[in-house]
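Source: prediction; values computed, not measured. Every heavy atom of this structure was used, including side-chain atoms; hydrogens, water molecules and symmetry mates were not.
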Number of protein chains: 2
Amino acid sequence: MHASDSDTDRESRSGSGDGNSNGNGDSGASAPVPAPAPPRTRAAARRSDSTRAAILHAARERFASDGYERATIRAIARDAKIDPSMVMRYYGTKEGLFAAAVAIDLELPDLSALPRHEVGQALARHFLAMWEENEVLTALLRVAATSRAGAERTQDIFRDQVLPVARQVCPDPEQVPARAALVSSQLLGLALTRYVLCFPPAAELAREEIVAWLGPTLQRYLTAPHPGPPDRPGRPGRPG
Amino acid sequence: MHASDSDTDRESRSGSGDGNSNGNGDSGASAPVPAPAPPRTRAAARRSDSTRAAILHAARERFASDGYERATIRAIARDAKIDPSMVMRYYGTKEGLFAAAVAIDLELPDLSALPRHEVGQALARHFLAMWEENEVLTALLRVAATSRAGAERTQDIFRDQVLPVARQVCPDPEQVPARAALVSSQLLGLALTRYVLCFPPAAELAREEIVAWLGPTLQRYLTAPHPGPPDRPGRPGRPG
DNA sequence: GCAGGCAGTCAACAGTTGTTGGCCTACGGG
DNA sequence: CCCGTAGGCCAACAACTGTTGACTGCCTGC
């Protein structure tokens, strides 16, 4: 509502909609956007693309280290070695820039192709590797904790990328959302303590050690039978 | 360093140090500060104390719902129905206000007094109850995700309150920090997905159901034998 | 060779923020 | 009775924010 019309105007002149370019100097986290309409001239387009990528890269770093509010357009522009107004011209709004910066594909593996008892470890291992090579994820988590827009974007990723994978290994379709949420809670919680809050013990754990600890947990959340009372009030003790 | 001297000056005039009053209209999360030096006159002091509490209450709500940056002094003052300058006079700095607002005692139970196989569930149950009655915790988590000061305060709580409790049930003292960090990762991750990010499946789960799911996880993190390879490179498969 | 568009810069605007100092008012002690 | 003190409000400041518009060169297509 702020500047949507002028934004659209500027964007239409610039060549593409609101997405980003396909990676060149990028950390490779911009998958879901297809190639935008190619501009007429090659040289100019290439320059523009590299600037776009530089902005995106700087934005990811800043959002990851400072969060949404403290990551100022000016700082991002300074990092990208361009004028702040260029950021606005390319991405219209700070929010637009953020949306473009945190568009990411988790590239979750096909769990149905794995031996049933290894999905937990595989999931943990993939998640850790993904997180450590993409600062985008830290940026997203940081922002999601404070802004509603960020939280919604995280929900989108959960719904579009985590849920389907959980569906591959969950026995009861009705329990898929809850189980997937439990898995996410453990994975995001680890990312939080390790990469955002930087609890020393969590940050110092070796990657494979984390995999060994979290693997069985995720495995249980995904495939173990429902442990508790369904929704009974009071406090019935489990039999056994 | 901002306004520490004038802050101290103002505070000393006002009657107490930097803490808060003992709860009157408060949500009851201000334990670690002993009763401040009582001012001379009763009526004035009581008025002052209620204002202090109102500020603290409003601050907690705002920090919890908006995070640090978006929770403005002006908004907090408006909620507390006083002038913004009063907030500064009472707490010196926004950071000081935040520090006072998120001072909390987790009141973790004495795990050594429980049957060994129930500590996981007890921990999960206590944590959920605590979180749902103290908006302070959501505020702290939100802020911790973006500001370094907030993250450090969370680390303090982990070190001073979670670690000792973990020590009560952990067999090997050397593994206590790592195990406590794993426990924290799961608990904070749940709080994150349920209360901050508001993943629908996580938010809709019944409390006892979460206890049933998380209990065994925490139990394992605390008491189960070390599952993985200590710190070997490569990827040695576990026997069995 | 020339016009047109495009990447990029500069300076400025309006709004908001934390923070400060001065002033007013109620009230309790002498 | 008056006076000091402390609680509270108002207005303002300086810094910083996202955002915008006008201006400048460079390159390309005709």
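Protein atom CG of B:D49 is 10 Å distant from nucleotide atom P of D:dG8, rounded to whole Å. Here the P atom of nucleotide D:dG18 and the CE atom of A:M86 are 17 Å apart, to the nearest Å. Rounded to whole Å, the distance from CE on A:M88 to P on C:dT9 is 16 Å. In this structure, the CD1 atom of A:I82 is 10 Å from the C1' atom of C:dA7, given to the nearest Å. Protein atom OH of B:Y90 is 13 Å distant from nucleotide atom C1' of D:dC9, rounded to whole Å. In this structure, A:D83 places its CG atom 12 Å from C1' of D:dT20, rounding to the nearest Å.
Geometrically, A:R142 does not engage A:Y195 in a cation-pi contact defined by less than 6.0 Å to the ring centre and at most 45° from the axis.
Residues satisfying the side chain to side chain contact (heavy atoms under 4.5 Å, CB included) test with B:A202, not counting sequence neighbours, are A:A181, B:T193, B:R194, B:F199. For B:D110, the side-chain hydrogen bond (donor to acceptor under 3.5 Å, both in side chains) partners two or more places apart in sequence, or in a different chain, are B:S112, B:Q168.
Between A:G150 and A:L140, the shortest heavy-atom contact is O-CD1, 4.2 Å.
In the region residues 63-81 of chain A, proximity to DNA chain C at under 4.0 angstrom, judged on heavy atoms, holds for A:R74.
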Taking only distance into account, with no hydrogens and no angle test, what donor-acceptor pairs under 3.5 Å do side-chain atoms of residues 66-76 of chain A form with protein atoms, sequence neighbours excluded?
| residue | atom | partner | partner atom | Å |
| --- | --- | --- | --- | --- |
| A:D66 | OD2 | A:R62 | NH1 | 3.3 |
| A:Y68 | OH | A:E95 | N | 3.3 |
| A:T72 | OG1 | A:A75 | N | 3.0 |

N/O-N/O pairs, protein side and nucleotides 22-25 of chain C side, under 3.5 Å:
none

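For the OP1/OP2 pair of D:dG18 and a distance below 4.0 Å, the side-chain nitrogens and oxygens of A:T93 include no atom meeting the criterion.
One N or O on the side chain of A:Q155 and one on the backbone of B:C198 form a donor-acceptor pair closer than 3.5 Å.
Sequence neighbours left out, the pairs with a member in residues 150-165 of chain A that pass salt bridge (Lys or Arg N to Asp or Glu O under 4.0 Å) are A:R148-A:E152, A:D156-A:R159.
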Checklist entry - Going through the checks in order, is the side chain to side chain contact (heavy atoms under 4.5 Å, CB included) test met by B:L187 and B:W131? => result CA-CA 10 Å; B:L187 288 175; B:W131 205 284; over 6 Å; no

